[in-house]
Every structure is written in structure tokens, then in C-alpha cells.
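For the numbers below, each heavy atom of this structure counts, side chains included, while hydrogens, waters and symmetry mates do not.
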Amino acid sequence: MIDSALAIALALLIALALLAAFAVLQVLVALGQPLGRFVWGGQHKVLPTRLRIGSGVAVALYAAMAALLLSRTGWLPGGDSTFVRAATWILFSYFTLGILMNALSRSKPERFTMTPVTIVLALTTLTIALAD
């Protein structure tokens, strides 16, 4: 059986790596790279300006998500606060909803890439949320 501290550390490492990968993808599409089929419903190969702006906002949100997970696991302060505990559960719920949204995407690349990644993010966030 895996030690709970090791499981939490592994979950954090995986979640941070995936959030970083998402951030890189969003930066690339915001800069006009033709990877739009993986984001925002996959309707545009190159994103229009409004979605490029949304991708920039998404990068900031991924950083906030990473900070939240780092706080909950004790790498940043405040991890035992009611706010951080509740926000971690909200983040888990967000990723759980994201599984459904990505699974329903009309874009095959988005559906087949982002759905499994979002499942992993939901599971890693759940592991962190359940931590003592």
C-alpha cells in the first residue's frame, strides 16, 4: 500500500505538471499557434482574438489553481484554512464537470486528449482534498 504522504505528493506533482502543460498550450494558442482544436470547443484551428484573451485568462487561472493545491498540501501557507479546504473541493467539482464538458466536445482532438487529462486532474485534486 502506498503511504498517504507519498500519494499526496505524487498527486500534487501530477496535477502541477498537467496544469503547467495546460498553461503552455493556452499560451501557444493565445500567440496564434494552430492548436485551437484542443481548446475552447475545438471549433477554431487558430483562435479568434476573444478566445486568445480567454486563453490568457486561463493561464492566470491555472496559476491560481496550482497555488491552491500547493497551499492545501502545505507548500504554501493557509492549507488548513476553511477557505482553502472549500476551494479545493470546488476545484475538484470544476474538474469533474470538465470531464463531462470535454467528453461532449464536438472536437475529437479535444475530446480524446482533454477528457482523460481532466479525469487525472479530478482524481489528483480529490486525493489532495481528502488529505488530513
Side-chain angles (χ1 to χ4, degrees):
M1 184 109 199
I2 191 167
D3 177 81
S4 67
L6 180 59
I8 293 164
L10 186 58
L12 177 63
L13 182 63
I14 292 167
L16 292 177
L18 292 175
L19 289 170
F22 274 1
V24 168
L25 176 61
Q26 293 291 0
V27 166
L28 290 173
V29 296
L31 293 174
Q33 293 300 309
L35 299 168
R37 63 188 174 276
F38 292 101
V39 297
W40 302 109
Q43 297 176 3
H44 306 279
K45 189 174 184 179
V46 175
L47 296 183
T49 301
R50 64 182 171 77
L51 291 179
R52 288 183 188 196
I53 293 167
S55 289
V57 171
V59 172
L61 290 174
Y62 294 145
M65 291 173 189
L68 173 68
L69 295 175
L70 285 164
S71 177
R72 183 66 189 101
T73 56
W75 289 93
L76 291 177
D80 287 331
S81 73
T82 302
F83 173 79
V84 169
R85 287 178 177 270
T88 304
W89 283 105
I90 291 167
L91 184 58
F92 165 69
S93 300
Y94 171 79
F95 287 138
T96 301
L97 178 61
I99 295 167
L100 177 64
M101 298 304 291
N102 284 309
L104 294 175
S105 175
R106 291 184 203 152
S107 166
K108 282 185 182 181
E110 184 177 40
R111 190 169 55 244
F112 292 124
T113 303
M114 296 306 181
T115 302
V117 171
T118 308
I119 290 169
V120 173
L121 277 168
L123 291 173
T124 56
T125 304
L126 176 62
T127 301
I128 294 167
L130 290 170
D132 289 335

Problem set entry | His44 side chain reached by Leu47 side chain, heavy atoms, under 4.5 Å | yes

Exercise. To the nearest 0.5 Å, what is the distance between CD1 (Ile128) and CG (Leu10)?
Worked result: 10.0 Å

Exercise. Could you state the interatomic distance from CZ (Arg72) to OG1 (Thr127), rounded to the nearest 0.5 Å?
Worked result: 12.0 Å

Exercise. Do we see a donor-acceptor contact under 3.5 Å between the side chains of Ser55 and Trp40?
Worked result: yes

Exercise. Going only through I, L, V, M, F, W and Y residues with side-chain contacts under 4.5 Å, is there a path from Val120 to Val24?
Worked result: yes

Problem set entry | Same apolar cluster: Ile14 and Leu69, side chain cutoff 4.5 Å | yes

Problem set entry | Test item: Leu25 and Met114 side chains (from C-beta on) under 4.5 Å apart, heavy atoms | yes

Exercise. Are Val84 and Met65 joined in one hydrophobic group, where the rule is that I, L, V, M, F, W and Y side chains link up if heavy atoms are under 4.5 Å apart?
Worked result: yes

For this session: Could you please spell out the steps behind the side-chain contact (heavy atoms from CB on, under 4.5 Å) verdict for Glu110 and Arg37?
Result: CA-CA 6 Å; Glu110 184 177 40; Arg37 63 188 174 276; over 6 Å; no

Problem set entry | Phe95 side chain reached by Leu123 side chain, heavy atoms, under 4.5 Å | no

For this session: Can you measure from CG (Leu121) to CG (Leu19) and round to the nearest 0.5 angstrom?
Result: 5.5 Å

Exercise. Which value, rounded to the nearest 0.5 Å, describes the distance between Gln26 atom CD and Leu61 atom CG?
Worked result: 9.5 Å

For this session: Run the numbers on Ile8 and Leu130 for side-chain contact (heavy atoms from CB on, under 4.5 Å), then give the verdict.
Result: CA-CA 9 Å; Ile8 293 164; Leu130 290 170; over 6 Å; no

For this session: Grab the two heavy atoms, one from Ser107 and one from Gly41, that are nearest each other, plus how far apart they are.
Result: CB-O, 3.6 Å

Problem set entry | Short side-chain to backbone donor-acceptor contact, Thr73 and Leu70, under 3.5 Å | yes

Problem set entry | Crowding at CH2, Trp89 (>12 non-hydrogen neighbours, <6.0 Å) | yes

For this session: Step by step, work out the side-chain contact (heavy atoms from CB on, under 4.5 Å) result for Val29 and Arg52.
Result: CA-CA 7 Å; Val29 296; Arg52 288 183 188 196; over 6 Å; no

Exercise. Would you call Phe22 and Val117 a side-chain contact if the rule is heavy atoms closer than 4.5 Å?
Worked result: yes

Exercise. How far apart are the closest heavy atoms of Arg85 and Asp132, and which atoms are they?
Worked result: NH2-C, 3.9 Å

Exercise. With side chains defined as the heavy atoms from C-beta onward, is the minimum distance between Leu68 and Leu76 less than 4.5 Å?
Worked result: no

Exercise. When hydrophobic residues are tied together by side-chain contacts of less than 4.5 Å, even through go-betweens, does Leu126 share a cluster with Leu91?
Worked result: no

Problem set entry | Lys108 vs Thr113 side-chain heavy atoms within contact, under 4.5 Å | no

Problem set entry | Pairs where residues 94-104 contributes a residue and the test side-chain hydrogen bond (donor to acceptor under 3.5 Å, both in side chains) is met, not counting sequence neighbours | Asn102-Thr118

Exercise. Can you find a pair of side-chain heavy atoms, one from Leu12 and one from Thr124, that are under 4.5 Å apart?
Worked result: no

Problem set entry | Shortest non-hydrogen separation from Ala23 to Val59 and the atoms involved | O-CG2, 3.7 Å

Seminar exercise, completed: When every non-hydrogen atom of Phe38 is compared with those of Pro109, the smallest separation belongs to CE2-CB, 3.6 Å

Exercise. Gly78 and Ser71: which non-hydrogen atoms are nearest, and at how many Å?
Worked result: C-OG, 3.5 Å

Problem set entry | Arg111 side chain vs Ser105 backbone, donor-acceptor pair below 3.5 Å | yes

Exercise. Any idea which heavy atoms bring Ala66 and Leu16 closest together, and the distance?
Worked result: CB-CD2, 3.6 Å

Exercise. Got a second to check how far Leu13's CG is from Leu18's CG, nearest 0.5 Å?
Worked result: 9.5 Å

For this session: Show the numbers, then the answer: is there a side-chain contact (heavy atoms from CB on, under 4.5 Å) between Val27 and Gln33?
Result: CA-CA 9 Å; Val27 166; Gln33 293 300 309; over 6 Å; no

